[in-house]
Amino acid sequence: MRVITWNVNSLRSRLPRLLALLDREKPEIVCLQETKVSNGDFPTLPLVEIGYHVVANGSGGSAGVAILSRRPPEVIQLGFPGDPLHEEARVVVATVGRIRTVCVYVVNGRSLNDPTYQTKLEWLDAFTRWLTQSHDRGEALLLAGDFNVAPDDRDVHDPDAWEDSIHVSEPERARIRALLDWGLIDLLRLHSDQPGLHTWWDYRSGAFHQGRGLRIDLILATQTLADSCVDVRIDRNERRPTAGEGKPSDHAPVIADFEGTWDP
DNA sequence: ATGTCACTTTACAAGTGA
């Protein structure tokens, strides 16, 4: 069973690349962020035509999330009770097979002195409170998305240059640790402790070409699911400009493989 | 610090968010 998370930075702009990714990787579950499309304008048809179910949560703003799945999704939830930014559409939840799948797009925050930085911390607190209080660490829970936080210095191309910056500040990292302390496991770190495994590179200044990136797109899972995770990789090639399928997102997809079908 | 991208708007350029 294959799971992919990808911040597409506009689904409509990225649709040709998404269709190529689905054809290439044949994932069972896909978590998308920054779809930037309202539910009414979601390009459902080309995805249904190739065998995917679609659960979208989009308000047309700069966020928007979606879960695509081979199996029909059940117990669908848009946002979460007490979401302080409910109208921004940052969370979508669905059960696929035996896996409770939470797709998340965390507030960016822009910089430590921007008002949205506090919003980010408060939103992460509310999200984590909901997640930990309404789920069981014994269940097969998958939490995937753009966390807009690089969990530790291995996830930052130049930790000195990024010290006390947005995405790496200690209060942000403490919020990620709270999720891990509750019982979630950072699946990529099961397989590699190497630095330089980035998932996002700024469009500007040739950041991708120069390897100046961060790992902010994560797939977390509870122990029962993590036990069956056999591989996690980052599709860096998808971040490259290519002919024919339009421009790349500023994020690369993260791809996790699990043993077994996880059918009910 | 910033050389990009995609979206929006009383829309054909400029502001916003990332």
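The model shown is predicted, which means the values in this text are computed figures rather than measured ones. In the text below, chain A, chain B and the rest are named by the order of the sequence lines, each starting its count at 1.
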Spacing of Leu11(A) atom CG relative to dC7(B) atom C1', expressed in whole Å: 14 Å

Rounded distance (Å) that lies between atom C1' of dT8(B) and atom NZ of Lys36(A): 11 Å

Whole-angstrom distance between dT8(B) and dG3(B), as gauged at atom C1': 24 Å

Nucleotide dA18(B), atom C1' - distance to CD of Gln33(A) in whole Å: 14 Å

NZ/NE/NH1/NH2 to OD/OE distance under 4.0 Å, Asp136(A) and Arg100(A): no

Interatomic distance, Glu88(A) CD vs dG17(B) P [rounded to whole Å]: 10 Å

Closest-nucleotide 5' rank along DNA chain B - winner of Tyr203(A) and Trp162(A): Trp162(A)

Touch class at under 4.0 angstrom, heavy-atom based, for Tyr105(A) against every strand present: sugar-phosphate

Asp202(A) CG - dT2(B) P separation (whole Å): 13 Å

Closest to side chain of Lys247(A), choosing from dC5(B), dT8(B), dA18(B): dC5(B)

Upstream residue (5' side of DNA chain B) when Gln210(A) and Thr116(A) are each assigned their closest nucleotide: Gln210(A)

Parallel, tilted or perpendicular: rings of Trp162(A) and Trp200(A) (30°, 60°): perpendicular

Whole-angstrom distance between dA14(B) and dA1(B), as gauged at atom P: 25 Å

Between dT8(B) (P) and Arg12(A) (CZ): distance, integer Å: 6 Å

Below 4.0 Å: OP1/OP2 of dG17(B) and any side-chain N or O of Arg110(A): yes

Sugar-phosphate, base or nothing in reach of Ser62(A), heavy atoms under 4.0 Å: sugar-phosphate

Span that lies between the P atom of dT2(B) and that of dA6(B), in whole angstrom: 22 Å

dT10(B) to dG15(B) separation - C1' atoms, rounded to the nearest Å: 15 Å

dT4(B) phosphate, OP1 or OP2, under 4.0 Å from Ser205(A) side-chain N/O: no

Phe258(A) six-ring centre to Arg2(A) NZ/CZ under 6.0 Å and within 45° of normal: no

dC12(B) to dG17(B) separation - C1' atoms, rounded to the nearest Å: 22 Å

Plane angle bin for Trp130(A) and His135(A) - parallel if under 30°, tilted between 30 and 60°, otherwise perpendicular: perpendicular

Lys/Arg-Asp/Glu bridge criterion (N-O < 4.0 Å) met for Asp83(A), Arg90(A): no

dA6(B) phosphate, OP1 or OP2, under 4.0 Å from Arg14(A) side-chain N/O: yes

Nearest-angstrom distance from the residue atom CH2 of Trp201(A) to C1' of dT2(B): 19 Å

Over all atoms of both residues, closest heavy-atom pair of Asn9(A) and Arg14(A): O-NH2, 2.8 Å

Gap between atoms CG and P, on Asp146(A) and dA18(B) respectively (whole Å): 11 Å

